[in-house]
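Both counts, for ligands and for their atoms, begin at 1 and track the order of listing. These numbers come from a predicted model, not from an experiment.
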Amino acid sequence: MSLRNFLEQMEAKNEVFHIKDEVSTNFEISYIMKKFDNNGPILMFEKVEGSETKIVANVCGARKRICEALGVEQEKFYQRLLEAWRSPKKPKVVEDGAVKEVIEEPDLLRIPVLTHFEKDAGAYITSAVVHAKSLDGTIENVSIHRLQILDEKHLAIRLVPRHLYKLWRMAKEAEVDLDIAVSIGVHPAVMLAASSPLPLGVNEFDIANTLLNDSLRLIKCKYVDAYAPADAELVLEGRISASKEVPEGPFVDITGTYDVERKQPVVEVVNVMHRGDYIYQALLPSGAEHKLLMGIPFETAIYEAVSKVVPKVYAVNLSIGGSGWLHAIISIEKQLDGDGKNALLAAFAAHPSLKHAVVVDSDINVFDISEVEWAIATRFQACEDLLIIENVRGSTLDSSANQETGLTSKMGIDATKPLTKPKEKFERAKIPVSKRMEELTRKLLGE
Ligand code: MN
């Protein structure tokens, strides 16, 4: 399964909107992407100014498309992802693949990379899946990183102190550059696996392969010791420098505010492979797709952690308004009144960047913010049900957190019905209805 296969599938469901007017990679495409954000269709830009290459955007921009990519209903999604996390399966390595149709000298300026926002430092690749190995070959990692175009052969890579950063530090101590394969235009399952919170040592390609029912195929790069999906649209072979760093940023991150300029390592690109008619995949920073891809794996982690402290978790929403990252709404079944607060503590432990969390009963739809607000309005007492945790590690993406120490305050709201008060007081009023009236109103509403 490739991105191409998935696009064909979505085309058949009328989920792809083709834009035939000529548009520029400089702000014009990102502007259109923003206009179609939040549950919008996949966008195919057919005519890109100064380029023969088409651009696809918003591939994972809707929750239902991400579920369709894995072939599961939304209710079963977390279970499916959890099962894959627990059962990695090595993909087969093959000699040939569609991505090898063209192999050429690198010229990054020929790739239609977008410049997204007004004060961004420049053009950025935002959908790049990066594979690397530790020098001794025992640890492999796949993760998504933003890459700033510096010139024909060089990129700056943002390495948040996580797994790829660790592999790079290990190589740096040995004074060698770290080989990487940068894959652009891959199946959504590969993107989801690459953004999953797995322990160091788990190769996320193995998780993607499980999600794809053992159909992922990898190729070994020609010049570097790294791997890429054989059916990717575009692969850059490169090395992260052990010694060369440059200013990277400012750049808009998930909250829609500018992430600051920092010194980050340089990637030297040594070879490029792509399909003959490759499609470049764009991803709008702070768009719904960015939030869903980063958020859904953490919703799954919260689902798992909270499931251990309460009898049942119904749904988790890292809401779009909370940037898909800082706010969680969790619907649970509780047995005792203290369960709500334990659920909040478990959620904060499962997702260290989480800042505000609300737990609600199962009759509240966590994806409907008005219903969540209603639960807070009618079921929550601040002096009893509010949890505040001071000076804990949060996300530096939150502009209000201490930007140097990363410390923040967290707030949990237990908006579940108190078991000590009469049930009827919290009941949502219903109007009795007959089959005939149901049919009549459907007709009146034109459904
Ligand atoms: Mn990892």
Side-chain angles (χ1 to χ4, degrees), residues 60 66 70 78 80-91 93 125-147 157-173 178-184 186-212 216 218 221 224-229 232 235-236 238-240 253-254 264-265 267 283 290 292-305 318 324-325 349-354 393 395-397:
C60 298
I66 296 178
L70 299 195
Y78 301 141
R80 179 75 201 284
L81 196 52
L82 279 172
E83 278 160 27
W85 288 357
R86 291 178 192 131
S87 43
K89 192 167 173 47
K90 281 244 149 299
V93 177
I125 298 171
T126 50
S127 62
V129 170
V130 181
H131 173 262
K133 271 192 203 177
S134 60
L135 295 181
D136 63 4
T138 56
I139 303 170
E140 291 188 63
N141 192 70
V142 183
S143 44
I144 298 178
H145 297 266
R146 68 188 194 218
L147 297 156
I157 186 166
R158 167 73 177 132
L159 294 178
V160 179
R162 285 198 278 260
H163 298 166
L164 182 60
Y165 175 84
K166 182 156 173 80
L167 297 184
W168 171 68
R169 292 291 307 189
M170 286 157 68
K172 193 176 160 73
E173 265 156 45
L178 183 69
D179 288 2
I180 56 169
V182 176
S183 305
I184 298 158
V186 294
H187 190 275
V190 180
M191 305 287 279
L192 268 181
S195 46
S196 289
L198 297 158
L200 181 70
V202 175
N203 181 350
E204 288 83 357
F205 275 149
D206 299 355
I207 307 301
N209 187 40
T210 303
L211 288 173
L212 290 169
L216 181 66
L218 300 179
C221 285
V224 300
D225 188 14
Y227 293 82
V235 170
L236 314 176
R239 297 189 182 98
I240 309 181
D253 212 314
I254 199 162
Q264 291 290 297
V267 176
L283 192 151
H290 186 184
L292 288 170
L293 280 174
M294 266 178 80
I296 285 180
F298 281 90
E299 287 176 358
T300 308
I302 291 171
Y303 171 87
E304 186 187 31
L318 280 170
W325 199 237
H351 177 27
S353 289
L354 186 61
R393 180 167 170 191
S395 170
T396 50
L397 294 173

**Student:** Is there a side chain to side chain contact (heavy atoms under 4.5 Å, CB included) between Ser395 and Trp325? Walk through the geometry before answering.
**Tutor:** CA-CA 9 Å; Ser395 170; Trp325 199 237; 3.8 Å; yes
**Student:** Would you check if the side chain of Ser195 reaches a backbone N or O of Leu293 as a donor-acceptor pair within less than 3.5 Å?
**Tutor:** yes
**Student:** Below the 2.8 Å mark, what number of protein N, O or S atoms do you get around the Mn ion (ligand 1)?
**Tutor:** 3
**Student:** If the test is side chain to side chain contact (heavy atoms under 4.5 Å, CB included), which one of Val182, Ile184, Ile144 qualifies with Val129?
**Tutor:**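 Single side chain to side chain contact (heavy atoms under 4.5 Å, CB included) partner of Val129 among Val182, Ile184, Ile144: Ile144.
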**Student:** Do side-chain atoms of His351 reach the backbone of Phe298 as a donor and acceptor pair under 3.5 angstrom?
**Tutor:** no
**Student:** Is any side-chain heavy atom of Leu354 less than 4.5 Å from a side-chain heavy atom of Leu318?
**Tutor:** yes
**Student:** If you take all heavy atoms of Ala301 and Trp85, which pair is closest and at what distance?
**Tutor:**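 That would be N-CH2, 4.1 Å.
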